[in-house]
There are 2 protein chains.
Amino acid sequence: MIRNLTEQDKEHLQEALVKSGQKVTPQREAVFTVLLSERDHPTVDEVFNRAREVMPGLSLATVYNCLETFVGCGLVRQVNHERESTRYCPNLAPHAHFRDKETGQVHDIELPPEVMKSLRSILPPGFDSEVIEISFLGRAQAKDTHSN
Amino acid sequence: MIRNLTEQDKEHLQEALVKSGQKVTPQREAVFTVLLSERDHPTVDEVFNRAREVMPGLSLATVYNCLETFVGCGLVRQVNHERESTRYCPNLAPHAHFRDKETGQVHDIELPPEVMKSLRSILPPGFDSEVIEISFLGRAQAKDTHSN
DNA sequence: TAATCAGTTAGAATGAGTCTAATCCGCAAG
DNA sequence: CTTGCGGATTAGACTCATTCTAACTGATTA
């Protein structure tokens, strides 16, 4: 179910948008709401379908635009796996992704700072990296029930 | 330039193919030759164009087929970055990829076993991973000249 | 020689994502 | 007000990597 944004979430959205010279619009609020309501790394299509429940006139192009805007102002992260549809994730803490081979579900894996450090240390001199993507592929025993 | 396969490379190809019930064909040899001649993570299209120099009748579909076969029998690895075209890499040692933001070039980064181990250790119980993909995005000072 | 079968081929189909041109909407200036 | 401006939104056309399909090839087996 799609729950409403808390005041705090609204401020978070507004602040991030305004900081990068963007406006808060009803469409952006709707898309953001969808992302926060179910944190299951939805595809654009999934976001689109969920958001339509709340705003039936919303167009697919706008969902693409909104998500791009959010990525641009650091509100959400893109998650790519092989060449499958891009997924979106509002978890901003540094984390890796674990993709279940059977269900296709994506789980967040916390990334302790010392692991990040050891990763950075394997770069030869002259290599300077801003972004490190880590993704696991395998099987996960469903231990939590609040999966998608 | 496309150099011929060494006897050793030919055996390597044959062994891997036969082991998974596949045949050695002229097209597969040509594609494999291209991969080993310039180890710069080419896209399917690049492989296609290079291979045509040596085998003009070769079709794109066949290049796709060959590469898929090679991946299936562990001869090469697929490298994906965001949603760009898939690239192929004949380096089988465990390694990460560094993608230069400016040139688009992909460099292999050696992965020491202790880093692999620390990565595996961050998986919560119940998560079992076969494949770990690590990719860096950033800028690399060109220190070698034999880039593509 | 005929049948079989994997591999190859050209071209059509797919589908995620991007582009375009028209429209909408909020707001500031007149 | 009402006019004009600019960014946001929209529908639909378009792109392009990849996959699919159906016909063809060529080596091997019956």
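Note: hydrogens, waters and symmetry copies are ignored here, and every other heavy atom, side chains too, is used. So you know, we letter chains A, B, ... as the sequences are listed, proteins then strands, and number each from 1.
- Considering only side-chain atoms of B:Thr25, the nucleotide from C:dG7, C:dG17, D:dA8 that sits closest is C:dG7.
- Set against C:dG17, D:dT9, C:dG11, the side chain of B:Ala61 has C:dG11 as its closest nucleotide.
- A distance below 6.0 Å separates the ring centres of B:Phe32 and B:Phe70.
- For A:Ser85 and C:dG15, the shortest distance from a side-chain N or O to OP1 or OP2 is not below 4.0 Å.
- You'll find that the side chain of A:Cys66 is closest to D:dT9, out of C:dG17, C:dT9, D:dT9.
- Comparing C:dT9, D:dT10, C:dA16 against the side chain of B:Arg83 picks out C:dA16 as the nearest.
- Within the nucleic acid shown, A:Asn65 comes within 4.0 Å of at least one base atom, counting heavy atoms only.
- At the phosphate of C:dT9, OP1 or OP2 sits under 4.0 Å from a side-chain N or O atom of B:Thr62.
- B:Met55 is not listed as a side-chain neighbour of B:Glu29, based on a closest heavy-atom distance of 4.5 Å or more.
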Return the polar atom pairs (N/O with N/O) between nucleotides 22-28 of chain D and the protein under 3.5 Å, or none.
none

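- Taking the side chain of A:Thr86 as heavy atoms from C-beta on, and the options D:dT18, C:dG17, C:dT9, the nearest nucleotide is C:dG17.
- No more than 12 heavy atoms of other residues, nucleotides or ligands sit less than 6.0 Å from atom CD of A:Glu68.
- Here the P atom of nucleotide D:dT18 and the CZ atom of B:Phe48 are 14 Å apart, to the nearest Å.
- One atom, CD of A:Glu68, and another, P of D:dT9, lie 12 Å apart when rounded to the nearest Å.
- Panel note: side chain A:Arg87, backbone A:Val106; no donor-acceptor pair is recorded below 3.5 Å.
- Other residues, nucleotides and ligands place more than 12 heavy atoms under 6.0 Å from the CD atom of B:Glu114.
- The residue A:Leu60 sits apart from the nucleic acid: no heavy atom pair falls under 4.0 Å.
- Between the CD atom of A:Gln27 and the P atom of C:dG26 there is a distance of 10 Å, given to the nearest Å.
- Nearest nucleotide to the B:Gln22 side chain, out of D:dT19, C:dT8, C:dG7: C:dG7.
- Atom CE in B:Met55 sits about 9 Å away from atom P in C:dT8, given to the nearest Å.
- Looking at A:Ser118 and A:Ser121, their side chains never bring a donor and an acceptor atom within 3.5 Å of each other.
- Ring centroids of B:His107 and B:His41 are separated by 6.0 Å or more, keeping the two rings apart.
- Between the CD atom of A:Glu84 and the C1' atom of C:dA16 there is a distance of 12 Å, given to the nearest Å.
- In this structure, the nucleotide among C:dT18, D:dA17, C:dC19 sitting nearest to the side chain of A:Tyr64 is C:dT18.
- In this structure, B:Asp45 places its CG atom 11 Å from P of D:dC16, rounding to the nearest Å.
- Defined by atom type and a distance below 3.5 Å, a donor-acceptor pair is missing between the side-chain atoms of A:Asn65 and A:Thr62.
- Rounded to whole Å, the distance from CD on A:Glu46 to C1' on C:dG15 is 15 Å.
- As rounded to whole Å, 15 Å separates atom C1' of C:dC24 from atom CG of A:Leu58.
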